[in-house]
Protein chains: 2
Amino acid sequence: MTKPLTRRQQEVLDLITGTLASHGYPPTRAEIAQALGFRSANAAEEHLKALKRKGVIEMIPGASRGIRVVNHEPANSATASEPATETQGLAVIGQVAAGSPVLATEHIDHYCPLPADFFSPRADYLLRVKGLSMRDAGILDGDLLAVHRTSDVRNGQIVIARIGEDVTVKRFERSAKGIRLLAENPDFEPIIVDPSEGFDIEGVGVGIIRGDNGQGLH
Amino acid sequence: MTKPLTRRQQEVLDLITGTLASHGYPPTRAEIAQALGFRSANAAEEHLKALKRKGVIEMIPGASRGIRVVNHEPANSATASEPATETQGLAVIGQVAAGSPVLATEHIDHYCPLPADFFSPRADYLLRVKGLSMRDAGILDGDLLAVHRTSDVRNGQIVIARIGEDVTVKRFERSAKGIRLLAENPDFEPIIVDPSEGFDIEGVGVGIIRGDNGQGLH
DNA sequence: TCATTGACTGTAATTGTATCCAGTATTTTA
DNA sequence: TAAAATACTGGATACAATTACAGTCAATGA
C-alpha cells in the first residue's frame with residue numbers, strides 16, 4: 001500500500017463518493033471547493049492530484065467530472081458465504097511498490113478464477129501492465145500479463161525484470177556486449193542493463209488477458 | 001405508466017447506464033452523439049428531453065454530465081437464470097466454415113475452463129482471431145477474442161460481424177452514410193457495408209486471451 | 001390533408017470546467 | 001535544517017458542455 005490519506009484528503013474522497021451516491025455523478029473542482037469551503041478551485045485540483053498519486057482515484061484529463069473512484073477490494077455481496085475453497089485462482093499484482101518483492105501480499109489486488117495450468121508453462125501470477133512500451137507486441141496498458149517465475153530466459157522472450165527498484169516488462173536480448181531490454185514501441189529507448197544497479201529477471205510472460213469491464217473492448 | 005420508450009430512446013438509456021457502469025460518470029451530449037453515430041449533439045439533447053418527459057432520467061440544468069437515471073424498481077441483483085454452462089467452460093470457435101452459424105458444434109475446437117462472467121458483459125464464446133487486421137488494437141493472430149452475443153453495438157466498439165459468408169472482427173462505425181468496419185492496421189482498408197450483401201452483427205468483443213503454449217510469448 | 005411526433009443536421013451563444021501559473025504558510029520528512 | 005509535501009488564495013485561459021434556434025425528412029393518426 002501507498003501512504004495513507006491525510007484527514008483533508010479523506011474528506012475530499014468522502015465528498016466524491018457522497019456526491020456520487022446522492023447525485024449520480026462526481027463533483028467538479030468548483031463544487032468540491034464550495035462544499036469544503038475553499039475559495040479556490042485549485043485547492044480541490046491539488047487534493048485530487050494527491051488522491052490520484054495515492055491510487056485511490058483516477059482522473060480523466062479534459063473530461064468534466066472525470067473522476068473515478070478506484071475500487072480496491074471486490075467487496076462482493078452476492079457470494080457472501082464463499083467457503084474459502086482452495087480454488088482462489090491466480091493473484092493479480094497491481095502497482096508494485098519500490099524495492100519490495102513482487103509477490104508480497106500487499107500488492108495483491110485480487111484473485112482471478114483461473115487454473116495455474118491455464119497457460120503453459122504454468123502461470124504463477126498475473127501482473128497488471130502499466131504503459132504502452134510493449135504496444136507493438138499487442139500488450140496494452142491495463143492488460144494482465146501472466147507470469148511464469150523463472151530466471152531462465154532466452155533471447156526474444158518477453159520478460160518481467162527488476163532494475164533497481166522498478167519492475168518492467170520488456171523483450172530480452174543478451175549478447176556479447178551485455179543484456180538489453182527492448183521495448184516494442186518506437187517511442188521507447190532500449191534499456192542497457194547495468195548489472196551494478198541491481199538487476200533481476202522475475203519471470204517470463206506466458207499469456208495475456210484483457211477485459212474491459214462494462215462496455216466491451218475499446 | 002407513461003408511454004414506453006422507443007427503440008432509439010432505449011439505446012440512449014442503455015448507453016447512459018453503460019457509461020455509468022464503465023466510466024463512473026454519465027456521458028455528455030457530444031459523447032452520446034459520438035457513440036450512437038449522430039452528427040449533432042442536439043440529437044442527444046432531444047433524446048434526453050424525451051427520456052426526461054417519460055420519467056426515466058432526471059436532468060440537472062447547467063451541470064455538465066448532469067444526468068441521473070431514476071430507479072423505479074430495485075431490480076435485484078440475484079442472477080436467477082444462469083445459462084448453466086458452468087461445467088464445461090467457454091467454447092472456443094476456430095475456423096468458421098462459410099455460411100454456417102458461428103456456434104454450430106462442428107466449429108467448436110475445445111472448451112476453455114473459464115466462467116462466462118469472467119468478462120463483463122458476459123462472454124458467450126471465444127473466437128480464435130485470424131490475421132493482423134486489428135494489430136494496433138492489441139489483437140494479434142491466434143488470440144482468443146471473448147465474444148458477447150448481441151446486435152446492440154455502439155460506435156468505436158470492436159465487433160464480430162458477418163458479411164455474406166465471412167466472419168470478421170473490426171471496429172464498428174455507424175454514421176448517416178451507413179456502416180463502416182474499420183481495421184486497426186493501416187495495411188487494411190475500411191469495409192463499407194452493403195446491406196444487400198447480407199450483414200449481421202454477431203456480437204461485441206469483451207476480452208482477449210493470449211497464451212503461447214510451450215515457449216512463452218514471442 | 002394537415003398537424004404531430006420522432007429522429008435527426010447544423011450553427012452558435014453562453015456558461016461550465018479543467019488546469020495552469022504565481023504566490024503564502026504550515027507541517028513532515030530526510 | 002533544508003527540502004518536500006500539504007493546504008491553501010487568487011487569477012487567467014482555453015476548451016468542454018449545455019442548450020436554444022432554425023431547419024429537414026419520414027411516419028402516424030385525426
Side-chain angles (χ1 to χ4, degrees), chain A residues 2-16 19-20 23-68 97-99 165, chain B residues 2-16 19-20 23-68 152 154-155 173-179:
Chain A
T2 45
K3 278 184 175 181
L5 302 187
T6 66
R7 177 173 304 180
R8 211 66 170 132
Q9 286 165 3
Q10 187 63 52
E11 283 183 60
V12 174
L13 181 61
D14 289 346
L15 179 73
I16 295 168
T19 306
L20 228 28
H23 292 74
Y25 45 82
T28 65
R29 274 68 165 164
E31 286 165 1
I32 294 172
Q34 215 266 316
L36 296 183
F38 310 154
R39 299 199 178 193
S40 169
N42 189 51
E45 174 76 16
E46 299 209 336
H47 279 303
L48 291 180
K49 283 179 183 167
L51 289 172
K52 184 189 174 185
R53 274 199 305 276
K54 295 185 178 178
V56 296
I57 65 166
E58 282 175 47
M59 290 169 72
I60 292 84
S64 68
R65 304 178 194 276
I67 302 170
R68 189 184 308 171
E165 298 191 333
Chain B
T2 44
K3 275 187 176 180
L5 302 186
T6 67
R7 178 173 304 184
R8 211 67 172 130
Q9 286 164 4
Q10 186 62 52
E11 285 183 59
V12 174
L13 181 61
D14 288 346
L15 180 74
I16 295 168
T19 305
L20 230 26
H23 291 75
Y25 45 83
T28 65
R29 275 69 162 165
E31 286 166 0
I32 294 171
Q34 212 272 318
L36 297 182
F38 311 155
R39 297 193 178 207
S40 170
N42 191 51
E45 174 76 15
E46 299 208 336
H47 279 303
L48 291 179
K49 283 179 182 166
L51 289 172
K52 183 189 175 183
R53 274 199 306 277
K54 295 184 178 180
V56 297
I57 65 167
E58 282 174 47
M59 290 168 72
I60 291 83
S64 68
R65 304 179 193 274
I67 303 170
R68 190 183 309 171
D152 176 26
R154 310 214 171 85
N155 274 0
E173 190 192 72
R174 173 169 41 199
S175 69
K177 279 179 270 182
I179 292 174

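All chains are named by letter (A, B, ...) in the order of the sequence lines, taking the proteins before the strands, and each is independently numbered beginning at 1.
The local environment of CD in A:Q34 is sparse, with at most 12 non-hydrogen atoms from other residues, nucleotides or ligands closer than 6.0 Å.
For DNA chain D, the residues of residues 35-51 of chain A within the heavy-atom distance limit of 4.0 Å (strictly under) are A:F38, A:R39, A:S40, A:N42, A:A43, A:E46, A:H47, sorted by number. Contacts of residues 57-66 of chain B with DNA chain D (heavy atom under 4.0 Å): B:P61, B:G62, B:A63, B:S64, B:R65.
Applying the salt bridge (Lys or Arg N to Asp or Glu O under 4.0 Å) test to residues at least two apart or on different chains, the pairs with a partner in residues 30-41 of chain B are B:E31-B:R65.
Taking side-chain N and O atoms only, A:R8 has no distance below 4.0 Å to OP1 or OP2 of C:dT26. Taking 4.0 angstrom as the limit, A:K54 places a side-chain polar atom (N or O) nearer than this to OP1 or OP2 of D:dT6. Applying the 4.0 Å criterion to OP1 and OP2 of C:dA7, one finds that B:Q9 has a side-chain N or O inside that range.
Taken over five-pair windows at either terminus, the axes of the helix from C:dT1-D:dA30 to C:dA30-D:dT1 are inclined to one another by 40° (rounded to 10 degrees).
Between the P atom of C:dT27 and the CZ atom of A:R7 lies a distance of 14 Å, rounded to the nearest Å. C:dT28 atom P lies 16 Å from atom CG of A:L5, rounded to whole Å. We find that CD1 of B:I67 is positioned 12 Å from P of D:dA17, with the value rounded to whole Å. If you measure from atom CZ of A:R29 to atom P of D:dT9, you get 16 Å, rounded to the nearest angstrom. Distance CZ (B:R174) to C1' (C:dA7): 13 Å, rounded to an integer number of Å. Spacing between atom CD of A:E31 and atom C1' of C:dT15 amounts to 14 Å, rounded to whole angstrom units. Separating the NZ atom of A:K52 from the C1' atom of C:dA18 is a distance of 13 Å, rounded to the nearest angstrom. As a whole-Å value, the separation of B:E11 CD from C:dC8 C1' is 14 Å.
Looking at residues two or more places apart in sequence or on another chain, you find a side-chain contact (heavy atoms from CB on, under 4.5 Å) between A:A50 and A:Q9, A:R53. Scanning for side chain to side chain donor-acceptor pair (under 3.5 Å) contacts around A:E45 gives A:R29, with sequence neighbours left out.
Counting heavy atoms from C-beta on, the side chains of A:Q10 and A:L51 never come closer than 4.5 Å. Contact check for B:N155 versus B:L36: no side-chain heavy atoms found under the 4.5 Å cut-off. Residues A:I32 and A:L48 form a side-chain contact, since some pair of their non-hydrogen atoms from C-beta on lies under 4.5 Å apart.
Among the candidates B:V12, B:N42, B:I57, B:L15, the single residue satisfying the side-chain contact (heavy atoms from CB on, under 4.5 Å) test with B:H47 is B:V12.
Here the shortest heavy-atom pairing between B:G24 and A:L20 reads O-CD1, 3.7 Å. Across all non-hydrogen atoms, the minimal contact from A:S64 to B:S64 is OG-OG, 3.0 Å.
Comparing B:T6 and A:T28, the nucleotide of DNA chain C nearest to each residue sits closer to the 5' end for B:T6.
Checked for salt-bridge contact, B:E11 and B:R8 meet the test: a charged N lies under 4.0 Å from a carboxylate O.
A distance-only check finds no donor-acceptor pair linking the side chain of B:R68 to the backbone of B:E58 [under 3.5 Å].
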